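By convention in this document, chain letters (A, B, ...) are assigned in the order of the sequence lines, proteins followed by strands, and residues within each chain are numbered from 1. Please read these numbers as outputs of a predicted model, since none were measured by experiment.
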There are 2 protein chains.
Amino acid sequence: MVTVHEVARVAGVSAATVSRFLNGTAKVSDEKRKAIESVIERLNYKPNVLAQNLKSGSTRTIGVLTQSLMSGYFADAMAGIDDALQGAGYAPLIVSGHWRAQEEAERMELLIARRVDGVVILSGRLKDSQILKLSNRVPIVAFGRQLEGKHAYGFSLDNYKAVCDAVEYLIMQGHRNIAFIAGPPDHEDAQARLKGYRDTLAKHKIQRNPRLIEAGDFLETGGLLAVERLLESGERFTAIFAGNDLTAYGARLALYRRGIRVPEDISIVGFDDLHSSMCTTPPLTTVRQPLFEVGRCLGQAILAMIRHEKPDIDLPQLSLEVRESVRRIG
Amino acid sequence: MVTVHEVARVAGVSAATVSRFLNGTAKVSDEKRKAIESVIERLNYKPNVLAQNLKSGSTRTIGVLTQSLMSGYFADAMAGIDDALQGAGYAPLIVSGHWRAQEEAERMELLIARRVDGVVILSGRLKDSQILKLSNRVPIVAFGRQLEGKHAYGFSLDNYKAVCDAVEYLIMQGHRNIAFIAGPPDHEDAQARLKGYRDTLAKHKIQRNPRLIEAGDFLETGGLLAVERLLESGERFTAIFAGNDLTAYGARLALYRRGIRVPEDISIVGFDDLHSSMCTTPPLTTVRQPLFEVGRCLGQAILAMIRHEKPDIDLPQLSLEVRESVRRIG
DNA sequence: TTGAAAGCGTTACCAG
DNA sequence: CTGGTAACGCTTTCAA
């Protein structure tokens, strides 16, 4: 590998000058500039990033702590982060915590050990206090929690309000017996969504029926099982609010198995708007999460924090994507 | 930040000894070992990876060149790679080429500049010759192409055979008018799949009908449009072989729009077995790509190449996942 | 078994 | 404007 010294020697200048030329740190005479340029070209010199890193203490790398590499949900956000990092010359180092606080903590240590310049945390089970502590060692931006610290910043989208709107929509379409398939009880978003559901029914003076609320796990299986239980319970309902799209997929399949039509017999609403939700049969009415945009915001935010600026983000909003899985009744 | 020298000074030994203790490079007297251990503990010393990198020339990082961060297809493979890398102390640096050879080449330069120890290439449009050349600078393992070089290794799964089997299955179910929605013509897998389709029909003496072959783009839209054209053409067919699952989703939606039932009226087969294909209505019969396992193989392979061993992989196989989107007729 | 010292390749400071 | 030199923090000879 060719080094600055090599280039310097061949060009008949000092290493310092070559470095200055490379970084534009100071003026270099035209004559030497040309010499250096041609030598660099000829020797095909590329600075050694490792040495630069050591010197500068920075790696131009952003750690991304996600929960699952396989999930379409996180994938979109990662793409957004990548998009934001791209132009700034940063690259993402992606690790996954698999929804386990212990593992997330370990991954965070790994990222810090690798000297990433900042970390983006996508959801997860780390406690806010843990994140705040970690942020003394590396700037952190988190999605899925409100956070404001000297070196930490976090935001989430208003799941509660989005669900209120969606349930409202269902009610406007004439539905009053609306089942709800919840997400993991310890999941902040899942809680907000459940609350939105409950409050909106209450607001419309609809008698609450706890038997219409089923547990789910934010996965297809949970949705499928939940609907089976619902159906077996004999409880009456005309619509299902699924905790997220995967749940909705499972629910839809359970209905299909029984020959129950959507939306003719039962309506379904999801949450997330995964890509495939556009093409389910029928196309799923769901709350759209602008995850790519969220990712972009996260990327810009962490970049800002690294520059010691306050991240100044205008958050993308959740919105109901009306498609064809809800029928007007009554 | 505390350094080896700091630790050494406090423990009353030399930096060299601390380093030796840390790396087990040489014997260290019990006495000093204890002193060092306690000081490290007390000062909470962590070696600076950047300095280690510079010294060793290695970053314990594997570059992963994918095409889309958002695709479920690549996501599974990445999860597999991550899984393989995990235990070995390597972390993935993921970049995306967006299916554009130019961009892929740039990303490769980026990875090399960042001194990754190896690169895994997931599909893409780089030429084999380019990859071979690149592999002189960094070991490369590629998926989606046969490759064997001193520092390059590549494999793909037998798309051709898998499609033959799947079409054969369709024929066994009584289908003879089978439409095919192709992928991008310049995509190697797409070509193999189309050929498998053609050859199998020929093998069974089924009159080839070019109007049953429609162009697609491996995306939902392509599938949707293709089916609309198919339907408008008035051509008769009882089954559709979609180039991949996304195409199948689009195709299924187009059918749904016209009130055509699956599989009662028309059968569909896909390719990939994305997660959601398990939960479409009806669940999709499709060729399963064991992408997670593929990812693991890729990870193990690149690790082997870094250790200067021949990657010795037994490839996972494609297999037909029979579900409910195909009906027996005739 | 241990320590001193020489690098790894850059960049930044200090003279000139 | 330019060159010499030190320093980033670690590992690895080389001697002892």
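Leu50(B) has its CG atom 15 Å from the P atom of dT10(C), to the nearest Å. In this entry the distance linking CG of Asp30(B) with C1' of dT1(C) reads 12 Å, nearest Å. Put simply, CG on Asn53(A) is 11 Å from C1' on dG9(C), counting in whole angstrom units. dC1(D) atom C1' lies 12 Å from atom CD of Glu31(A), rounded to whole Å.
Under the 3.5 Å distance criterion, with hydrogens and angles disregarded, a donor-acceptor pair is assigned to the side chains of Thr61(B) and Arg114(A). The closest side-chain donor-acceptor pair between Lys46(A) and Asn44(A) falls under 3.5 angstrom.
Over its length, the helix from dT1(C)-dA16(D) to dG16(C)-dC1(D) turns its helix axis by 40°, as judged from the five terminal pairs at each end, rounded to 10°.
Annotation: Glu309(A), atom CD; neighbour count of heavy atoms from other residues, nucleotides and ligands within 6.0 Å is above 12.
The line from CZ of Arg296(A) to CG of Asp83(A) is 5.0 Å long, rounded to the nearest 0.5 Å. Interatomic distance, CD of Glu106(B) versus CG of Leu65(B), reported as 11.5 Å (0.5 Å rounding). The CD1 atom of Ile94(A) sits 7.5 Å away from atom CD1 of Ile81(A), with the distance rounded to the nearest 0.5 Å.
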Indicate for each nucleotide in nucleotides 8-16 of chain D, in 5' to 3' sequence, whether protein heavy atoms under 4.0 Å reach the base (B), only the sugar-phosphate (S), or nothing (-).
BBBBBB---
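In this structure, Thr17(B) contributes its side chain and Val13(B) its backbone to no donor-acceptor pair below 3.5 Å.
The aromatic rings of Phe218(A) and His187(A) lie perpendicular to each other, with more than 60° between the two planes, well past the 30° mark.
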